[in-house]
Amino acid sequence: EAGVTQSPTHLIKTRGQQATLRCSPISGHTSVYWYQQALGLGLQFLLWYDEGEERNRGNFPPRFSGRQFPNYSSELNVNALELEDSALYLCASSLAHTSASTGELFFGEGSRLTVL
Amino acid sequence: SQKIEQNSEALNIQEGKTATLTCNYTNYSPAYLQWYRQDPGRGPVFLLLIRENEKEKRKERLKVTFDTTLKQSLFHITASQPADSATYLCALLSGGYQKVTFGTGTKLQVIP
């Protein structure tokens, strides 16, 4: 069974440009999370999509946005890139969220974004 | 505000000893507490989950305890090996439609 896949693996952009990162969850998983991990720092929660809807959003500016498609894959867009956006962007998927969910996340290997 | 702290940024331990990592939280009522392992440049890998009504959980050389009174979880690796060297993250889920929030991580180095 394929795990969570992310693309691209590496992306180099310049300040002010836009970046688009993609994530395909494990088959059968409907929930997708996005996290940012800057060098030497912890995982900062960005966005959470479940069944096509945005369920929660972290403390990031509106230029960070995303969506989830009907096949549950997801896209993260970062507009007006700044130097401090350079980080590893991790996507994770989990089974559908219900009141009984235990929330184990299955992560991809990440997309390394470098902003010059 | 809600806070999850893993109070050792780094922990060095001799091979064969038991490594104990700590996760403390405040202003949180987690239904589940999870532990993940992360190797450099890779995504975290889920290791163990413990529920709020469970005191202890074991999996091979791993043991997790959960004390909701102290608001603390301890993660033990017995008979540690150099291959156990990695960053270990705790994560909390309050249940239902709540996001999974991660602690800051502890970098474990097992010295041969």
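Throughout, protein chains are lettered first and strands after them, A, B, ... in sequence-line order, and every chain is numbered starting at 1.
Partners of B/R58 by salt bridge (Lys or Arg N to Asp or Glu O under 4.0 Å), not counting sequence neighbours, listed by chain and number: B/E56. Residues that satisfy the side-chain contact (heavy atoms from CB on, under 4.5 Å) test with A/S65, not counting sequence neighbours, are A/N77.
In terms of hydrophobic clustering, with Ile, Leu, Val, Met, Phe, Trp and Tyr side chains grouped at heavy-atom distances under 4.5 Å, B/L11 and B/L62 are assigned to a common cluster. Under the 4.5 Å side-chain contact rule for hydrophobic residues, A/F45 and A/V32 do not share a cluster. The hydrophobic cluster containing A/L46 does not contain A/F107, counting ILVMFWY residues as joined when their side-chain heavy atoms lie under 4.5 angstrom apart, directly or transitively.
In the displayed structure, B/K71 atom NZ is contacted under 6.0 Å by more than 12 heavy atoms of other residues, nucleotides or ligands. Annotation: B/E9, atom CD; neighbour count of heavy atoms from other residues, nucleotides and ligands within 6.0 Å does not exceed 12.
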Without placing hydrogens or testing angles, list every side-chain donor-acceptor pair under 3.5 Å for residues 82-90 of chain A, not counting sequence neighbours.
{"unit_1": "A/E82", "atom_1": "OE1", "unit_2": "A/R63", "atom_2": "NH2", "d": "3.4"}
{"unit_1": "A/D85", "atom_1": "OD1", "unit_2": "A/R63", "atom_2": "NH2", "d": "2.9"}
{"unit_1": "A/D85", "atom_1": "OD2", "unit_2": "A/R63", "atom_2": "NH1", "d": "2.7"}
{"unit_1": "A/D85", "atom_1": "OD2", "unit_2": "A/R63", "atom_2": "NH2", "d": "3.2"}
{"unit_1": "A/D85", "atom_1": "OD2", "unit_2": "A/E82", "atom_2": "N", "d": "2.8"}
{"unit_1": "A/S86", "atom_1": "OG", "unit_2": "A/L83", "atom_2": "O", "d": "3.0"}
{"unit_1": "A/S86", "atom_1": "OG", "unit_2": "A/V115", "atom_2": "N", "d": "2.8"}
{"unit_1": "A/Y89", "atom_1": "OH", "unit_2": "A/Q36", "atom_2": "NE2", "d": "2.9"}
{"unit_1": "A/Y89", "atom_1": "OH", "unit_2": "A/D85", "atom_2": "O", "d": "2.7"}

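Interface remark: A/Q37 contributes side-chain atoms only to the contact with chain B (heavy atom separation under 4.5 Å). Residue A/F106 does not touch chain B at all, counting heavy-atom pairs closer than 4.5 Å.
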side-chain contact (heavy atoms from CB on, under 4.5 Å) assessment of B/V100 paired with A/Y33: CA-CA 9 Å; B/V100 179; A/Y33 284 75; 3.6 Å; yes
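In this structure, the separation between CG on B/L93 and CG on A/L105 is 8.5 Å, given to the nearest 0.5 Å.
Contacts with chain A (heavy atom to heavy atom, under 4.5 Å) involve these residues of residues 35-48 of chain B, listed by number: B/Y36, B/Q38, B/G41, B/R42, B/G43, B/P44, B/F46.
Here A/Y35 and B/F102 bring their ring centres to under 6.0 angstrom of each other.
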